[in-house]
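Small disclaimer: the values here were computed from a predicted structure and weren't measured. Whatever order the structure lists ligands and atoms in, that order sets their numbers, starting from 1.
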Amino acid sequence: MGSIKDMTPHDSSRVLDKIAGHEQVMFCNDPGSGLQAIIAIHNTVLGPALGGCRMYPYESLDEALDDVLRLSEGMTYKCAAADVDFGGGKAVIIGDPQTDKTPELFRAFGQYVETLNGRFYTGTDMGTTMDDFVYAQKETNCIVGVPEAFGGGGDSSIPTAKGVVYGLQATCHTIFGSNELSGRCFALQGLGKVGYKVAMHLLEQGAYLYVTDLNMEWIEAIQEVAKSTSGTVEVVDGDAIYQADADIFIPCAIGGVINDDTLAQFRVRAIAGSANNQLASQAHGVQLAEKGILYAPDYIINSGGLIQVSDELYGANKERVLMKTKEIYYSLLDVFQQAKLDGVSTIEAANRICEKRLEDRRRRNSFYSPGIRPKWKIRN
Ligand code: NAD
């Protein structure tokens with residue numbers, strides 16, 4: 001399958017098979033602005049779909065479609081786990097974020113979002129920035145996560161990092177019987193927006209940190225921070241982080257880091273970090289459990305950002321966001337306990353909790369229509 005305009009009837013029937021598990025998939029093709037995008041709504045049982053918009057130079061329409069379908073399904077679980085009244089959705093723009101961005105492209109994207117009439121809310125993801133969505137917001141109210149000056153909640157990596165810290169406390173509580181982070185040893189991959197903030201907190205608590213990042217600037221910055229704290233930083237090279245002799249591995253960079261290769265290398269007692277899609281497959285979650293490594297499901301521990309953007313639609317209140325982010329601690333304790341009781345991996349336990357929430361709600365209504373429950377406080 002090449003571009004949207006080249007699709008054949010054969011491609012179309014294959015697409016219908018692929019999207020069978022989704023409520024709605026919209027292909028957007030606007031020659032004027034050059035926009036080619038796909039918006040996927042996986043499930044709106046809990047409320048209108050919410051999920052970021054990724055921009056990436058996908059090599060084929062198939063690749064873009066697979067990505068948006070997988071990501072939007074993930075959002076259904078993430079929203080259910082965070083207990084926010086939103087469903088799973090996601091958008092992808094096919095293009096190079098370095099060269100293909102224009103205000104017109106994002107305005108056109110905003111117009112397409114508007115046609116969904118409140119069934120889909122979106123904002124930044126990989127390859128897009130808050131500023132891009134200031135243009136999209138000119139065309140629709142269904143945008144979240146723009147800068148505070150434009151009515152958004154601001155940098156969502158702040159609550160995400162806070163959620164990771166609560167998640168680390170829940171993990172420590174489960175393996176050591178105490179929330180204490182001081183004196184513990186962590187191996188942290190990725191010192192970006194989230195990882196850097198988590199690292200700062202751990203150093204302030206007096207933890208020992210093995211760190212790695214592709215960017216030397218971030219490494220030098222965290223070494224500087226360590227000097228004024230009771231914590232210690234030791235830099236390791238690239239993939240050596242997987243073998244670090246630490247208590248907990250904290251992935252805050254790329255997805256797929258729990259795979260056949262790394263499973264054989266881990267020496268930690270637990271894995272708990274912000275990266276999306278950490279497990280190469282669900283089977284790797286089971287294998288972690290068999291190895292006695294406690295896994296904090298990624299879509300729960302990294303949900304602080306989602307909690308912030310979803311809160312914007314109730315009027316953006318930082319205290320409320322913090323209160324809800326703290327609940328990540330209890331959600332993870334519940335999952336760890338349920339996994340033990342049921343004799344399953346933590347990812348299976350988490351999925352079951354989410355599926356039960358969805359099922360309970362489905363009994364009341366099976367999808368979201370803006371006309372049925374217009375309870376959101378929509379910005380003007
Ligand atoms: P970011 O791009 O700011 O930081 C990622 C960091 O990882 C960068 O410093 C990069 O140099 C480093 N990196 C990339 N590949 C690496 C590798 N192989 N080894 C070591 N370092 C590597 O991203 P972020 O916003 O901090 O997000 C980090 C992760 O958390 C991502 O997987 C993201 O999807 C996920 N996440 C972020 C948020 C958020 O609010 N920002 C919310 C939920 C999930």
Side-chain angles (χ1 to χ4, degrees), residues 50-56 67 70-71 74-75 77-79 81-82 84 88 90 92 97-98 122-130 133 144-147 152-168 186-201 209-222 233 235-244 249-259 261-262 265 271-280 296-312 321 324-325 328:
L50 175 65
C53 170
R54 184 167 280 198
M55 183 166 184
Y56 188 78
D67 206 27
R70 185 181 56 87
L71 291 165
M75 286 307 295
Y77 282 82
K78 196 163 176 166
C79 289
V84 294
K90 204 89 180 183
V92 294
Q98 306 299 329
T122 191
T124 63
D125 197 78
M126 208 172 82
T128 57
T129 67
M130 294 196 284
F133 288 92
V144 290
V146 290
D155 183 357
S156 64
S157 68
I158 296 170
T160 303
K162 283 197 174 127
V164 171
V165 170
Y166 290 127
L168 288 169
F186 302 93
L188 197 156
Q189 181 186 47
L191 290 164
K193 293 186 288 297
V194 179
Y196 189 80
K197 295 178 184 78
V198 172
M200 272 188 22
H201 182 87
L209 277 191
Y210 292 104
V211 297
T212 186
D213 197 290
L214 304 177
N215 186 336
M216 268 319 284
E217 263 180 56
W218 290 119
I219 297 215
E220 284 161 16
I222 206 71
V233 160
V235 179
V236 297
D237 260 355
D239 290 353
I241 197 80
Y242 301 123
Q243 294 155 27
F249 172 52
I250 310 176
C252 289
I254 44 170
V257 289
I258 302 170
N259 54 46
D261 266 1
T262 57
Q265 298 178 49
I271 298 179
S274 75
N276 275 315
N277 306 318
Q278 293 167 29
L279 295 166
D298 47 8
Y299 63 76
I300 300 181
I301 191 169
N302 73 13
S303 60
L306 165 76
I307 289 167
Q308 173 160 301
V309 293
S310 62
D311 188 77
E312 279 183 30
V321 170
K324 210 142 171 41
T325 304
I328 290 174

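Note: no N/O pair closer than 3.5 Å links Gly305 and ligand 1 by distance alone.
With rounding to the nearest 0.5 angstrom, the OG atom of Ser156 is 8.0 Å from the CE atom of Met130.
In this structure, atom 36 (N) of ligand 1 lies nearest to the protein heavy atom Ser274 O, 3.7 Å. Ranking the protein heavy atoms by distance from atom 2 (O) of ligand 1 puts Lys193 NZ, 4.0 Å first. Nearest protein neighbour of atom 43 (C) of ligand 1, counting heavy atoms only, is Asn302 O, 3.5 Å. Ranking the protein heavy atoms by distance from atom 7 (O) of ligand 1 puts Ala253 CB, 3.4 Å first. Here the heavy atom of the protein found nearest to atom 26 (O) of ligand 1 is Val194 N, 2.8 Å. Nearest protein neighbour of atom 12 (C) of ligand 1, counting heavy atoms only, is Asp213 OD2, 3.3 Å. Of the protein's heavy atoms, Thr160 OG1, 2.8 Å lies nearest to atom 40 (O) of ligand 1. Atom 34 (O) of ligand 1 has as its closest protein heavy atom Asn276 ND2, 2.9 Å.
When each of Asp125, Asn302, Asp298 is paired with Asn276, the side chain to side chain donor-acceptor pair (under 3.5 Å) condition holds for Asn302 and for no other. Tested against Leu188, the residues Val198, Val236, Val164 include a single side chain to side chain contact (heavy atoms under 4.5 Å, CB included) partner, Val198.
Short contacts between ligand 1 and Trp218, defined as distances under 4.0 Å to a heavy atom of the residue, involve ligand atoms 9 (O). Ligand-side atoms of ligand 1 in range of Ser156: 40 (O), range being under 4.0 angstrom from any heavy atom. Within ligand 1, the atoms closer than 4.0 Å to a non-hydrogen atom of Cys252 are 5 (C), 28 (C), 29 (C), numbered from 1 in the order shown. Each of the atoms 15 (N), 18 (N) of ligand 1 lies under 4.0 Å from some heavy atom of Ile254. Those atoms of ligand 1 that come under 4.0 Å of a heavy atom in Ser157, given as number and element, are 40 (O), 41 (N).
Using a 4.5 Å heavy-atom cutoff, the side chains of Leu191 and Asn215 are not in contact. Val165 has its side chain out of reach of Lys197: every pair of non-hydrogen atoms, C-beta onward, lies at least 4.5 Å apart. Side-chain contact between Gln189 and Val257: present, with at least one pair of heavy atoms (C-beta onward) separated by less than 4.5 Å.
A salt bridge links Asp67 and Arg54; the closest N-O separation between the charged side-chain nitrogens and carboxylate oxygens is under 4.0 Å.
Between Tyr242 and Phe249, the ring planes lie perpendicular to each other; the angle is over 60°, past the 30° to 60° tilted range.
Of the possible donor and acceptor atoms, none in the side chain of Thr325 sits under 3.5 Å from a partner among the backbone N and O of Gly304.
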